[in-house]
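Quick notes on the structure that follows.
By convention here, the first residue in the shown sequence is residue 1.
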Amino acid sequence: MALALAQQMERKCEIEQEPLNASSSESDSEDEEEVPFHVPTSEVVFRGHVQSVVSLLAVAAALAATVYAPKGGVFDPMACIACGYIFGVFCFQNTFVEWPAVPCHILLLLASALAALLAPTGLQHVSLWAIWGVKCIAWAIDVAIVISGYRLMVRGPAYAHLGQGSLEGKT
């Protein structure tokens with residue numbers, strides 16, 4: 001039984017390794033027209049990729065400004081999480097073309113996430129980062145940015161009851 005199975009496997013391997021007959025493929029290709037496989041991307045997809053690249057360049061510039069700050073940069077973990085979450089969700093959604101045109105409230109959210117990333121370094125520059133009250137306020141703002149990002153970018157608008165004369169129950 002095992003010998004018969006081994007012989008079948010050898011035959012199968014030999015069949016897979018045999019070269020294709022060149023004469024049959026030439027006659028088939030004469031009948032078919034060669035068509036290049038190129039699917040052009042739409043303008044919306046291209047714009048989404050550009051938006052992702054520009055947003056990642058903005059984060060890279062903010063990180064470079066933090067690293068090369070004159071008095072030394074401060075990488076606050078909460079600010080890094082808030083900025084990473086907002087820009088990660090934005091780029092992820094751009095991959096699926098959810099922002100063909102970025103609304104103003106999303107641009108404001110992206111700018112506030114960048115400001116949250118740069119704020120600890122700026123506060124360190126003016127010697128305010130050592131005060132615990134300032135740190136707590138900065139962390140509360142970081143949490144508010146994350147919640148706003150979830151509310152605006154992930155969850156979407158809240159359900160609203162339809163008013164009188166609406167299409168509820170008619171469709």
Item to check | From Ser148 atom OG to Ile141 atom CD1, the distance as rounded to the nearest 0.5 Å | outcome: 11.0 Å
Item to check | Heavy-atom closest pair, residues Gly149 and Tyr85 | outcome: C-CE2, 4.3 Å
Checklist entry - Hey, is CZ on Phe75 packed in by over 12 heavy atoms from elsewhere, all under 6.0 Å? => result yes
Next on the checklist: For Met153 versus Ile86, what's the shortest heavy-atom pair and its separation?
Outcome noted: CE-O, 3.9 Å
Next on the checklist: Please tell me whether Leu123 and Ile137 are part of a single hydrophobic cluster in this structure, the criterion being side-chain heavy atoms less than 4.5 Å apart.
Outcome noted: no
Item to check | ILVMFWY network linking Leu57 to Val50, side-chain heavy atoms under 4.5 angstrom | outcome: no
Next on the checklist: Starting from Ile131, can I reach Trp139 by hopping between I/L/V/M/F/W/Y residues whose side chains sit under 4.5 Å apart?
Outcome noted: yes
Checklist entry - For the residue pair Thr121 and Val74, what are the closest heavy atoms and their distance? => result OG1-N, 3.2 Å
Next on the checklist: Distance check, rounded to the nearest 0.5 Å: Arg47 atom CZ versus Asn94 atom CG?
Outcome noted: 10.5 Å
Checklist entry - So, Trp129 versus Asp76: side-chain donor-acceptor pair below 3.5 Å or not? => result no
Checklist entry - Between atom CG of Leu108 and atom SG of Cys104, what is the distance when rounded to the nearest 0.5 Å? => result 9.0 Å
Next on the checklist: Tell me the closest heavy-atom pair linking Asp142 and Ala116, and the distance in Å.
Outcome noted: OD1-CB, 3.3 Å
Item to check | Shared hydrophobic cluster, Val146 / Tyr150 (ILVMFWY, side-chain heavy atoms < 4.5 Å) | outcome: yes
Checklist entry - Looking only at heavy atoms, what is the nearest atom pair of Ala62 and Leu118, with distance? => result O-CD2, 3.4 Å
Checklist entry - Do Val102 and Val53 share a hydrophobic cluster, counting only Ile, Leu, Val, Met, Phe, Trp and Tyr and linking them when any side-chain heavy atoms are less than 4.5 Å apart? => result no
Checklist outcome for this item: Here the gap from His105 atom NE2 to Arg151 atom CZ, rounded to the nearest 0.5 Å, amounts to 9.0 Å
Checklist entry - Out of curiosity, Leu110 CG to Phe87 CZ, how far, rounded to the nearest 0.5 Å? => result 4.5 Å
Checklist entry - For the residue pair Ala79 and Leu117, what are the closest heavy atoms and their distance? => result CB-CA, 4.1 Å
